[in-house]
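Here the structure is laid out as structure tokens; the discussion comes afterwards.
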Amino acid sequence: MSDNRIYRTRSLGIPAAGLKDQYSDGTAAHLWELYIGDKSQRTAVYRKFITDQLKARNCITVLDVACGTGIDSVMLLEEGFRLTSVDLSDKMLKYALKTRWKRRKEPAFDAWEIEEANWMTLMEDIDGKEQFDAVICLGNSFAHLPNEECDFANQRLALSNFCAMVKPGGVLLIDHRNYDDILDRGTAPTRNIYYNSEHVESIITSVVVTEGTPVLVTLDYVIKLDGDKDLRDDTDSERAKRGRLQKVTQNKFRLSYFPHRLDSFTSLLRETFGPEAQHSVYGDFQPLGHIARPAFYIHLIEKPAR
């Protein structure tokens, strides 16, 4: 089930400059775990694609700049990579921190670095200029960054910071939804190869258009809950032991995205990494063109070696 709405406006009231924490109330962070669904099922194809791409390029150190609850970082830790993981949302990071604590006796998890950081100030927030074999930004995360002045200034700054963290010869792996298809059809798919949870009831799609140009896509995620166990946020184990579990009573959350079209996003990447950078695009983990309407585009761009 899905729905769509199109709003046409002359001006767009987007919050102040830079990336905003859309997970700050804790509801989206909690329900995200349900939206992802069965993690082992989700990662079968996903895991193979990501790890194969990184291992083929002899990557070891990875910076996950949109780690969220830690699902991709955990996957890569289990595959033998060394991870530094950052996110703007402390509500999302607490799930990653909880996982690190639970698995702290495993050397890879004990060495896992987790920090709060903003893409706009990434170079100031964490150390690591040209220290990483790979930077990953997955799960449609980059589209959270608004294009406030319609000049892609935020996007250029963020991509420049990502590029600065990558070693010469290293790679950036970044994705976004197929916004070309969403804008053409007015709806986002409820199911896709990334997320196949049985908890998803619907995704309601709204498109904001300014002066004839789509500038924002808002997705309202409606999640089916299976009783009280799905409402509990027991990240804080000590609080849980004391019996004061925080209840998350909402079954829906809203996230907003800038709708990157494939051609313009490709141009931004090539502008950032330079004309000599090797750039590949995949649709739902297949070479571009193999799938007619992929849900996600995945870009892999290599920073030229000196």
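- Going from atom SG of Cys67 over to atom CD of Glu115 covers 10.5 Å, rounded to the nearest 0.5 Å.
- Listed for the Ser73 side chain is no donor-acceptor partner under 3.5 Å among the backbone atoms of Gly70.
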Output, in order, the C-alpha distance, side-chain angles, deciding distance and verdict of side-chain contact (heavy atoms from CB on, under 4.5 Å) for Lys167 and Lys303.
CA-CA 7 Å; Lys167 294 178 180 178; Lys303 186 174 182 177; over 6 Å; no
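- Between atom CG of residue Asp72 and atom CE of residue Met75 there is a gap of 5.0 Å, rounded to the nearest 0.5 Å.
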Should Tyr297 and Phe265 be marked as a side-chain contact (heavy atoms from CB on, under 4.5 Å) after you check the CA-CA gap, both sets of side-chain angles, and the distance that decides it?
CA-CA 10 Å; Tyr297 288 119; Phe265 194 80; over 6 Å; no
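- Between Tyr179 and Tyr257, the ring planes lie tilted relative to each other; the angle falls in the 30° to 60° range.
- Taking the six-membered ring where the residue is Trp, His260 and His176 present tilted rings, their angle falling between 30° and 60°.
- Panel note: side chain Asp284, backbone Phe296; a donor-acceptor pair is recorded below 3.5 Å.
- In this structure a side-chain-to-backbone donor-acceptor pair under 3.5 Å is missing from Arg100 to Ala96.
- In this structure, Phe49 and Phe285 have tilted ring planes: the angle between them lies in the 30° to 60° band.
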Kindly determine whether Asp125 and Val86 satisfy side-chain contact (heavy atoms from CB on, under 4.5 Å), including the steps that lead there.
CA-CA 10 Å; Asp125 294 346; Val86 303; over 6 Å; no
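- Although no hydrogens or angles enter the test, the distance criterion places a donor-acceptor pair under 3.5 Å between the side chain of Gln155 and the main chain of Leu145.
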In sequence, state the C-alpha distance, the side-chain angles, and the governing distance for Gln131 and Thr61, and then conclude on side-chain contact (heavy atoms from CB on, under 4.5 Å).
CA-CA 8 Å; Gln131 296 300 306; Thr61 57; over 6 Å; no
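- Taken to the nearest 0.5 Å, the CZ atom of Phe162 stands 12.5 Å off from the CZ atom of Phe132.
- In terms of heavy atoms, Asp110 sits closest to Arg104 at CB-O, 3.3 Å.
- Remark: Phe152 pairs with Phe258 by the ring pair (Phe, Tyr, Trp, His ring centres under 6.0 Å) rule, at least two apart or across chains.
- More than 12 heavy atoms of other residues, nucleotides or ligands sit less than 6.0 Å from atom NZ of Lys55.
- Listed for the Thr99 side chain is a donor-acceptor partner under 3.5 Å among the backbone atoms of Tyr95.
- A donor-acceptor pair under 3.5 Å is absent between the side-chain atoms of Trp119 and the main chain of Asn161, judged by distance alone.
- Under the 3.5 Å distance criterion, the side-chain polar atoms of Thr121 are left unmatched by any main-chain donor or acceptor of Glu124.
- You'll find the side chain of Asp133 stays beyond 4.5 Å of the side chain of Asn58, heavy atoms only.
- With Asp175 contributing its side chain and Gly139 its backbone, the two residues share a donor-acceptor pair below 3.5 Å.
- Annotation: the span from Leu83 atom CG to Leu63 atom CG amounts to 9.0 Å, rounded to 0.5 Å.
- Rounding to the nearest 0.5 Å gives a distance of 9.0 Å between CZ of Phe142 and CG of Leu172.
- Ala188 and Leu219 get closest at one heavy-atom pair: CB-CD2, 3.9 Å.
- Using modelled atom types, no side-chain atom of Ser141 and backbone atom of Cys137 make a donor-acceptor pair closer than 3.5 Å.
- The distance from the CG atom of Asn147 to the OG atom of Ser264 is 9.0 Å, given to the nearest 0.5 Å.
- Residues Thr272 and Ser160 have side chains that never bring a donor and an acceptor to within less than 3.5 angstrom of each other.
- With Arg270 contributing its side chain and Ile301 its backbone, the two residues share no donor-acceptor pair below 3.5 Å.
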